[in-house]
Q: 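I have a structure I would like to understand better, so I am pasting it below and will then ask my questions one at a time.
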Amino acid sequence: MTRIFYLLYAAIAYAIFLAVFLYLIAFVGNLPGAPLTVDRGPESMLAVALPVNLALIALFGLQHSVMARPAFKAVWTRLVPQPIERATFVMMTNLVLVLLFLGWHPMTAPVWTVENSAGAAILWGLFGLGWAIVLVSTFLINHFELFGLQQAWFAWRARTDAKPVLHQPFFYKLVRHPLYAGFFLAFWATPAMTAGHLLLALGMSAYMLIAIQLEERNLVDTFGADYLAYRETTPMLVPGTGGRKT
């Protein structure tokens with residue numbers, strides 16, 4: 001019965017995440033049909049909007065980085081069973097993103113506007129490409145483990161996780177962090193950048209640059225010399241720029 005609960009819980013967390021992820025695309029892109037987006041919703045004075053929005057970005061960054069660290073997991077799994085630890089991380093991410101959607105205060109002062117149709121089309125293309133890279137990258141590194149389904153399934157089947165192996169499929173031959181590279185494109189590629197969208201892009205970019213450093217420490221601890229060699233020959237985010245030590 002416990003293992004059935006694990007599987008059901010992980011499946012619910014994943015299903016909610018799919019909905020939240022799709023709404024995140026609409027939120028960032030101001031897509032039609034989304035009632036609340038980065039530029040649509042209840043506006044307020046800058047003195048209110050700025051600290052609230054910064055707090056929401058910081059909450060996402062703290063939740064996402066702290067809960068992903070091995071030291072936190074070692075403590076956390078004393079309370080949360082190992083098979084649903086990752087699913088719980090996903091569920092908390094769902095909650096934080098929903099809070100961001102509901103609590104965001106649009107700041108609609110224009111920063112740039114691309115009115116040329118070809119230029120706007122290129123930026124929309126890059127926006128879509130960014131999200132596509134994010135999605136494909138999750139499958140390249142094991143989509144179902146990343147979102148907690150594999151752990152619950154293995155518990156159901158009484159299987160143990162295999163020892164992690166370093167490999168560089170597809171995008172990972174070009175950059176070490178294609179998932180983050182995709183998010184950079186998704187947050188920055190827009191023909192109509194507002195102050196609020198800029199704040200979100202800057203905040204998420206700062207979070208990602210910090211998260212990469214934390215992740216790389218964990219990857220070095222896990223894969224040792226193999227990851228150090230990979231890091232020396234493969235750029236962090238931009239293809240063709242050479243390997244980086246940090």
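Here the structure is a predicted model, which is why all the values come from computation and not from measurement.
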Q: Hydrophobic clustering (ILVMFWY, side-chain heavy atoms < 4.5 Å, transitive) - are Leu219 and Ile210 grouped together?
A: no
Q: When you compare the side chain of Phe154 with that of Thr160, does any pair of heavy atoms fall below 4.5 Å?
A: no
Q: Passes side-chain hydrogen bond (donor to acceptor under 3.5 Å, both in side chains), Thr234 versus Gln168? Steps please.
A: CA-CA 10 Å; Thr234 309; Gln168 301 93 42; over 6 Å; no
Q: Where is the tightest heavy-atom contact between Pro35 and Gly33, given as atom of each residue plus distance?
A: CD-O, 3.4 Å
Q: If we only count heavy atoms from C-beta on, is the Trp104 to Val52 side-chain gap below 4.5 Å?
A: no
Q: Is it true that Val48 and Leu102 fall in one hydrophobic cluster, defined by side-chain heavy atoms closer than 4.5 Å?
A: yes
Q: Apply side-chain contact (heavy atoms from CB on, under 4.5 Å) to the pair Ile57 and Leu202, showing each step before the final yes or no.
A: CA-CA 10 Å; Ile57 295 170; Leu202 286 170; over 6 Å; no
Q: Would you please classify the geometry between the His64 ring and the Phe89 ring as parallel, tilted or perpendicular, with 30° and 60° separating the classes?
A: tilted
Q: For Tyr6 and Trp153, run ring-ring contact (aromatic ring centres under 6.0 Å, His included): C-alpha distance rounded to whole Å, both residues' side-chain angles, the deciding distance at 0.1 Å, then the answer.
A: CA-CA 8 Å; Tyr6 291 164; Trp153 175 252; over 10 Å; no
Q: Evaluate whether atom CH2 of Trp156 has more than 12 neighbouring non-hydrogen atoms of other residues, nucleotides or ligands under 6.0 angstrom away.
A: no
Q: Let me see the working for Gln82 and Gln151 under side-chain contact (heavy atoms from CB on, under 4.5 Å), right down to the final yes or no.
A: CA-CA 8 Å; Gln82 182 66 40; Gln151 295 88 329; 5.8 Å; no
Q: May I ask you to test the Ile25-Phe21 pair for a side-chain heavy-atom distance under 4.5 Å?
A: yes
Q: Kindly give the heavy-atom pair with the smallest separation between Val175 and Tyr230, and that separation in Å.
A: O-OH, 3.4 Å
Q: Would you say Phe171 ends up clustered with Val165 if hydrophobic residues are merged whenever their side chains have heavy atoms under 4.5 Å apart, either directly or through other cluster members?
A: no
Q: To the nearest 0.5 Å, what is the distance between CG on Leu209 and CE on Met204?
A: 13.0 Å
Q: Same cluster or not: Leu214 versus Val66, using hydrophobic residues (I, L, V, M, F, W, Y) connected whenever any side-chain heavy atoms lie under 4.5 Å apart?
A: no
Q: What distance do Asn30 atom CG and Thr108 atom OG1 have between them, rounded to the nearest 0.5 Å?
A: 10.5 Å
Q: Are a donor atom and an acceptor atom from the side chains of Tyr180 and Ser137 found within less than 3.5 Å of each other?
A: no
Q: Any side-chain to backbone donor/acceptor pair from Asn53 onto His105? Under 3.5 Å, distance only.
A: yes
Q: Among Leu123, Leu129, Val134, find the one that has a side-chain contact (heavy atoms from CB on, under 4.5 Å) with Leu185.
A: Leu129
Q: For the CD atom of Gln150 and the CZ atom of Phe144, what is their distance to the nearest 0.5 Å?
A: 9.5 Å
Q: Could you check Tyr227 against Glu216 for side-chain hydrogen bond (donor to acceptor under 3.5 Å, both in side chains), going step by step and ending with a plain yes or no?
A: CA-CA 9 Å; Tyr227 192 81; Glu216 296 232 325; 2.7 Å; yes
Q: Does Ser65 reach the main-chain N or O of Leu62 with its side chain, forming a donor-acceptor pair under 3.5 Å?
A: no
Q: Verify the distance criterion only: is there a donor paired with an acceptor across the side chains of Arg69 and Asn218 at less than 3.5 Å?
A: yes
Q: Quick one: pull up CG in Leu97 and CE in Met92 and give me the separation to the nearest 0.5 Å.
A: 11.5 Å
Q: Evaluate the side-chain proximity of Thr241 to Met236: yes if any heavy-atom separation is below 4.5 Å, no if none is.
A: no
Q: Just checking, any donor-acceptor pair under 3.5 angstrom between side chains of Ser205 and Trp188?
A: yes
Q: Hey, what do you get for CG (Leu200) to CG (Leu54), rounding to the nearest 0.5 Å?
A: 10.5 Å
Q: Would you say that Ile141 contacts Tyr172 through its side chain, given a criterion of any heavy-atom pair below 4.5 Å between the two side chains?
A: yes
Q: With under 30° as parallel and over 60° as perpendicular, where do the rings of Phe101 and Tyr23 fit, or are they tilted in between?
A: tilted
Q: What's the separation between atom CZ in Phe60 and atom CG in Leu100, rounded to the nearest 0.5 Å?
A: 8.5 Å
Q: Between the main-chain N or O of Thr190 and the side-chain N or O of Trp112, is there a donor-acceptor pair closer than 3.5 Å?
A: yes
Q: Are Val20 and Val98 close enough, and set up right, to give a side-chain contact (heavy atoms from CB on, under 4.5 Å), and what steps lead you there?
A: CA-CA 7 Å; Val20 170; Val98 169; 4.1 Å; yes
Q: Please name all residues satisfying side chain to side chain donor-acceptor pair (under 3.5 Å) with Tyr14, sequence neighbours left out, ordered by chain then number.
A: His143
Q: Check whether any side-chain heavy atom of Val28 lies under 4.5 Å from a side-chain heavy atom of Phe127, and answer yes or no.
A: yes
Q: Looking only at heavy atoms, which two atoms of Asn94 and Phe17 are closest? And how far apart?
A: OD1-CA, 3.2 Å
Q: Looking at every heavy atom in both Pro106 and Gly41, which two are closest together, and how far apart are they?
A: CG-N, 3.6 Å
Q: If the plane angle is over 60° it's perpendicular, under 30° parallel, otherwise tilted; pick one for Tyr9 and Phe5.
A: parallel
Q: Is the closest basic N to carboxylate O distance between Glu145 and Arg86 below 4.0 Å?
A: no
Q: If you compare all heavy atoms of Gly61 against all heavy atoms of Tyr207, which two are closest, and at what distance to 0.1 Å?
A: CA-CD1, 3.6 Å
Q: Report the C-alpha distance between Val220 and Arg217 in whole Å, list the side-chain angles of each, state the deciding distance to 0.1 Å, and finish with yes or no for side-chain contact (heavy atoms from CB on, under 4.5 Å).
A: CA-CA 5 Å; Val220 170; Arg217 293 177 191 174; 5.9 Å; no
Q: Please lay out, stage by stage, how Thr194 and Asp39 fare under the test side-chain hydrogen bond (donor to acceptor under 3.5 Å, both in side chains).
A: CA-CA 7 Å; Thr194 62; Asp39 292 327; 2.5 Å; yes
Q: Quick check: does any side chain N or O of Thr37 sit under 3.5 Å from a backbone N or O of Arg40, one acting as donor and the other as acceptor?
A: yes
Q: Linking I/L/V/M/F/W/Y whenever their side-chain heavy atoms sit closer than 4.5 Å, directly or via other members, would Leu174 and Val136 fall into one cluster?
A: no
Q: Looking only at heavy atoms, what is the nearest atom pair of Leu146 and Val90, with distance?
A: O-CG2, 4.3 Å
